[in-house]
Number of protein chains: 2
Amino acid sequence: MKDGHERKRARGIDRAFDILDHLRAVKSPQRPADIAQALGAPRSTIYDLVNTLLDHGMLEEADGKGAVFLGRRLYFLGLAYDEHFDLTHKVESVMQEITERSSETTQFCMLDGDKYTVALQVEGNRPFRISGDIGDRTPIPWTASGRLLLGGMSDEEILSLIPPEDFTLPGGDRLDVARYLAEIRKAHAAGFFSFDSIVDTFTHCFAAPVRDRAGRCVGTICIVAPKDDAVTHYETYRAMLIEASESLSQTMP
Amino acid sequence: MKDGHERKRARGIDRAFDILDHLRAVKSPQRPADIAQALGAPRSTIYDLVNTLLDHGMLEEADGKGAVFLGRRLYFLGLAYDEHFDLTHKVESVMQEITERSSETTQFCMLDGDKYTVALQVEGNRPFRISGDIGDRTPIPWTASGRLLLGGMSDEEILSLIPPEDFTLPGGDRLDVARYLAEIRKAHAAGFFSFDSIVDTFTHCFAAPVRDRAGRCVGTICIVAPKDDAVTHYETYRAMLIEASESLSQTMP
DNA sequence: GACATAATTCCGGTATAGTGGAATAATAAT
DNA sequence: ATTATTATTCCACTATACCGGAATTATGTC
């Protein structure tokens, strides 16, 4: 990929993680043959790797006959990550409070490789429920958080991180890159960003950064509100998020 | 390991997972050199693997200068596991209820490879707090749950799973294997087990199995109570756990 | 500063992991 | 049953990942 030297074989470890990511993406048990097809990888290789991953508990037999899914060991490793950074504890209580005061859905979002994802969510008690599935990987530019998470990067870094096709919105429209970059700069300076969702037509998204001591944006706290609510309570929500942003950034490692 | 054919090189993927497990065990960022030493693995190999794992987001730079720890991608994979099996949701509400009614610490425990571990915990509001760290890997025979989790296995399977040294208790005493196996059979038949902790001197542990449809024990719900409490409320706690055990086993996949 | 020690990168050889393809087993369709 | 289709295992070849050891760089000590 990176160097000019053309490889003829993939590294097992790369393929192994591809398998895990694929299962995470499709969210359902798959048989080795399906995985091989989906990844465009040699079947014999996938069979071998699946067995290795099963041995390690990174995958588990799912439906008794062939299909596998993510394994318990991944859960425990994830727990260890969570405990170490202690994100959940601190962030979740802040989110609870915001949702209590606003009745809106609150989210904590992070980068996951070159995609955006919702890591934590507290659902508001609105009559209709607003929420993308947590854990889904979404193109960064589609989201309000996508203006904050990359705040620390140069234009070049940003453009080399985001796959070009991710600038095409779900409707097929193309996002203006220069404008996107400008939004990032502005959001970074303001420590806040909000806009009408470009993924749906009825919500407004508020986002504020959570920064580590070095100032890098490790995640965002967001409020996802129906548009009319957002108009009515704009300043309140904005203030709540900025306050949460600052208090959480204090406690980050 | 399994076949007689002696290998001279380890597979990268095996070493990679060893690295992840090691970091989980020590719970703190490590530098590649430390990891290599701790694992008894070639340094150059570990450096290479650590870089690969960093590229994949399975590890993250921790302290700015060299040390790495478990990465975000593991957290997300763990989330996906959790969501799919939906354990947390169902189990946690049951645990909440038990702790509310008993004021004791409730745990949900699982096998993790050849060790026992606490996957979920709701702490009771006793004046002194009872809890081993969640996520720690503990020898199976040291625990009450260790009588239930292996209920579906034959003697041979059990003995080949558990490393011999795990029958040595923390104090140095040796656990009688025949007696341990007998306890497993009895616990399995009763759907319940309890005993005074052998890890500390002041608690009594209650455990009941959570079984999947096939009858295999996927985890245990446990109450960890001070000994005098345990005596006073023995029948109540026992009944609560058995009820929870049965209701949860209904809902398992 | 010089020196000692430890951490990290570099590099070439070889054991072997990843692969294509064939053989076999399982499953579905007829 | 027979056939067609698909899934899985087996096997041998070679590109390369793993590894030992040397070279380099960083870190600490005096």
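Reminder, nothing fancy here: chain letters follow the sequence lines and each chain counts from 1.
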Rounded distance in Å - CD1 (A/Ile35) to C1' (D/dT8):
14 Å
Check: A/Asp173 and A/Phe167 side chains under 4.5 Å, non-hydrogen atoms:
no
From the options C/dA7, D/dT8, D/dC18, select the nucleotide whose nearest atom is closest to the side chain of B/Ala33.
C/dA7
Detail all sub-3.5 Å separations between protein N/O atoms and N/O atoms belonging to nucleotides 10-14 of chain D.
{"from": "D/dT14", "atom 1": "O2", "to": "A/Arg9", "atom 2": "NH1", "distance (Å)": "3.3"}
{"from": "D/dT14", "atom 1": "O2", "to": "A/Arg9", "atom 2": "NH2", "distance (Å)": "2.4"}

Any A/Arg15 side-chain nitrogen or oxygen under 4.0 Å from OP1 or OP2 of C/dA17
no
Sugar-phosphate only, base, or nothing, as touched by A/Arg43 at under 4.0 Å among non-hydrogen atoms:
base
Between D/dA7 (P) and A/Ile46 (CD1): distance, integer Å:
14 Å
In whole angstrom, what separates A/Asp48's CG from C/dT16's P?
14 Å
Those residues that, when tested against A/Thr138, pass side-chain contact (heavy atoms from CB on, under 4.5 Å) (two or more places apart):
A/Tyr116, A/Trp142, A/Thr143
d(CZ, B/Arg31; P, C/dA6) in whole Å
12 Å
Which nucleotide in the set C/dA7, C/dT8, D/dT8 lies at the smallest distance from any side-chain heavy atom of B/Pro32?
C/dT8
Do you know the tightest heavy-atom contact between B/Pro29 and A/His84?
CD-CE1, 3.6 Å
Check the distance between C/dG18's P and A/Ile19's CD1 and give it to me in whole angstrom.
10 Å
Check the pair A/Arg211 / A/Ser245 against side-chain hydrogen bond (donor to acceptor under 3.5 Å, both in side chains), numbers first and verdict last.
CA-CA 8 Å; A/Arg211 296 198 173 94; A/Ser245 157; 5.5 Å; no
Nearest whole angstrom, please: distance from the P of D/dA17 to the CG of A/Asp14.
9 Å
Counting heavy atoms from C-beta on, name the nucleotide in C/dT19, D/dT8, C/dT8 closest to the side chain of A/Pro42.
C/dT19
Yes or no on side-chain hydrogen bond (donor to acceptor under 3.5 Å, both in side chains) for A/Arg137 and A/Thr117, after CA distance, side-chain angles and deciding distance?
CA-CA 5 Å; A/Arg137 305 180 82 229; A/Thr117 200; over 6 Å; no
To the nearest angstrom, the NZ-C1' distance between A/Lys65 and D/dT6 comes to 17 Å
Return the SG to CZ distance between B/Cys217 and B/Arg147, rounded to the nearest 0.5 Å.
13.5 Å
With a cut-off of less than 4.0 Å, is there a side-chain N or O of B/Arg11 near OP1 or OP2 of C/dA15?
no
Of all the nucleotides listed (D/dC18, D/dG20, C/dT8), which has the minimum atom distance to the side chain of B/Tyr47?
C/dT8
Given atom CG of B/Leu49 and atom C1' of C/dT9, what is their separation to the nearest angstrom?
15 Å
So that I can tick it off, tell me whether A/Lys27 and A/Asp136 are bridged by a salt bridge, with the cut-off set at under 4.0 angstrom between side-chain N and carboxylate O.
yes
Earlier contact from the 5' end, DNA chain D, for A/Gly12 and A/Gly66:
A/Gly66
